[in-house]
Number of protein chains: 2
Amino acid sequence: MTLDHGDPGDAPSMPAPTAPIVNPVRPSAAEEARTVAAATNTATLASLSEDGAPWASFITYGLLDGQPVLCVSRLAEHGRNLTDDPRASVAIVAPDLPADPLAGVRITLAGVVERPSGQEAVAARDAHLAAVPAAKYYIDYSDFALWILRVRRVRWVGGYGRMDSASADEYAAATPDPIVPMAARAVTHLNDDHADALLAMVQAFGGYPDAIEAVCERADRYGLDLRVNCPRGIARTRVGYSTPLNSIDQLRAATVELTHSARAALA
Amino acid sequence: MTLDHGDPGDAPSMPAPTAPIVNPVRPSAAEEARTVAAATNTATLASLSEDGAPWASFITYGLLDGQPVLCVSRLAEHGRNLTDDPRASVAIVAPDLPADPLAGVRITLAGVVERPSGQEAVAARDAHLAAVPAAKYYIDYSDFALWILRVRRVRWVGGYGRMDSASADEYAAATPDPIVPMAARAVTHLNDDHADALLAMVQAFGGYPDAIEAVCERADRYGLDLRVNCPRGIARTRVGYSTPLNSIDQLRAATVELTHSARAALA
């Protein structure tokens, strides 16, 4: 469900595409959430205090099949909270928050925490240590316990106007994007040295034949997010690769192919 | 209350001082919390979902007398949550998180949110806009509302083993540290160019006459946090100025005075 914000009267509007967006495929909310979760090792936990009030606290985590693995002390308030009521959620903010914080990417994973046992406890310990090496100094203290957040509900916010929810099953089935965390240098290179190619892409495939400038804002496994400058204003659009990528090594060939086919279509 | 962590058998222990720590004064938990709150404009809100489960979500905030001023949409889950139940808390992480995340500084401010009215609503709007300039694009949308978190309980964690609570009154009466956010360059200069002076300080005033090295880790309005290397191991101690500082301009004179009096005491 998308709801419009109430209009204060001077909201900038985005010019609509005047041609079809040929391949608008993009990551699902579940994939976006898995990508954010895999990008860092710190989060904020919301747990319930003794009186049922919500308690926000900084935590570290590792991931076991996308489920956050926490290591918290029962001497800390959040540790006592989890013991008393397993309902919990974590908010994770993608690294490199932009100057306008609400333009950044963040997720909430909500569910219930459980103490892992048996082989899962071993795997959870390894997952936490892999993500938080300093945990080796306290993970075996008797007051620390591992908790796995069994994710039941996922909310992803990708910046202004980009948001969606995902179910537990969708989240569990998704995988982190292999391109997003590696693509910063390639995106800079595209913008610095291949602005003409990006412009051809949005004119041919992005729905904006009147574009006069195009800037790549992100590359992911399915395609490129582009900001378009056209005489009618500033828009954002999408240009997808012919096939999804599995590795950053494939990004160059995919963008070269897009450039060639865009120029052929415009010729 | 301080509780010891359960000992897994190989915990490093810190050598005790062998002389009095002459002036161990340091910021209170309330002052530390005010300093963290003033250092950034992003936090994580914990609110209560319809079913009473805790919901963690990224937010921006400004400060009105230290109370977080949020601007959230009622179309967002956290906006609906605050409308339905005013109990809330925010976790704020100090900027420049160290490589070991749990060595970093963070706080939780807990209480209840209220919609400000009258002159306070004007002041709250100004406070939010001052901290979050991009809010000018949406603060007047009809679905956005300002909320002030009336802080009733404060928890500060200053890293491993440094933590304390503060009451609402203590938090309200405290002020942010004027030195901490400005002192990075001065601390680097002390360590790079005045290691001998720091060593004299910890030998004379910091309780470690057997110190062989001292590194300044932080300067605040009351004094310096120092890491001490002595033949018995690594310790942390405190050297306070003769009087608290009001401005970063006073830091140089305060450390020069400490150096002179330390050398006189050791002579």
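Throughout, a chain's letter reflects where its sequence line sits, starting with A, and its residues are numbered from 1.
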Which pairs of donor and acceptor atoms, one on a side chain in residues 88-107 of chain B, lie under 3.5 Å apart (sequence neighbours left out)?
| from | atom 1 | to | atom 2 | distance (Å) |
| --- | --- | --- | --- | --- |
| Ser89(B) | OG | Pro54(A) | O | 2.9 |
| Ser89(B) | OG | Ala56(A) | N | 2.8 |
| Asp100(B) | OD1 | Leu102(B) | N | 3.3 |
| Asp100(B) | OD1 | Tyr160(B) | OH | 3.0 |
| Asp100(B) | OD2 | Tyr160(B) | OH | 2.8 |
| Arg106(B) | NH1 | Leu102(B) | O | 2.9 |
| Arg106(B) | NH1 | Gly104(B) | O | 2.9 |

Engaged part of Arg153(B) at the chain A interface, taking heavy atoms whose separation is under 4.5 Å = side chain
Using a heavy-atom distance cut-off of less than 4.5 Å, which residues of residues 113-135 of chain B contact chain A?
-> Ala134(B)
Using side-chain hydrogen bond (donor to acceptor under 3.5 Å, both in side chains) as the criterion, list what pairs up with Asp85(B), not counting sequence neighbours.
-> Arg87(B)
Answer yes when Glu31(A) and Arg26(A) have at least one side-chain N-carboxylate O distance shorter than 4.0 Å, and no when they do not.
-> no
N-O pairing of Asp84(B) and Arg74(B) below 4.0 Å | no
Please, which pairs that meet side-chain hydrogen bond (donor to acceptor under 3.5 Å, both in side chains) have at least one residue in residues 58-67 of chain A, sequence neighbours excluded?
-> none
Cut-off 4.5 Å, heavy atoms of chain A, and the answer for Ser47(B) is backbone
Is the shortest side-chain N to carboxylate O distance from Asp225(A) to Arg236(A) below 4.0 Å?
-> no
Counting only heavy atoms closer than 4.5 Å, note whether Asn81(B) contacts chain A via side chain, backbone, both or neither.
-> neither
Can you establish whether the number of heavy atoms outside Glu50(A) located under 6.0 Å from its atom CD is more than 12?
-> no
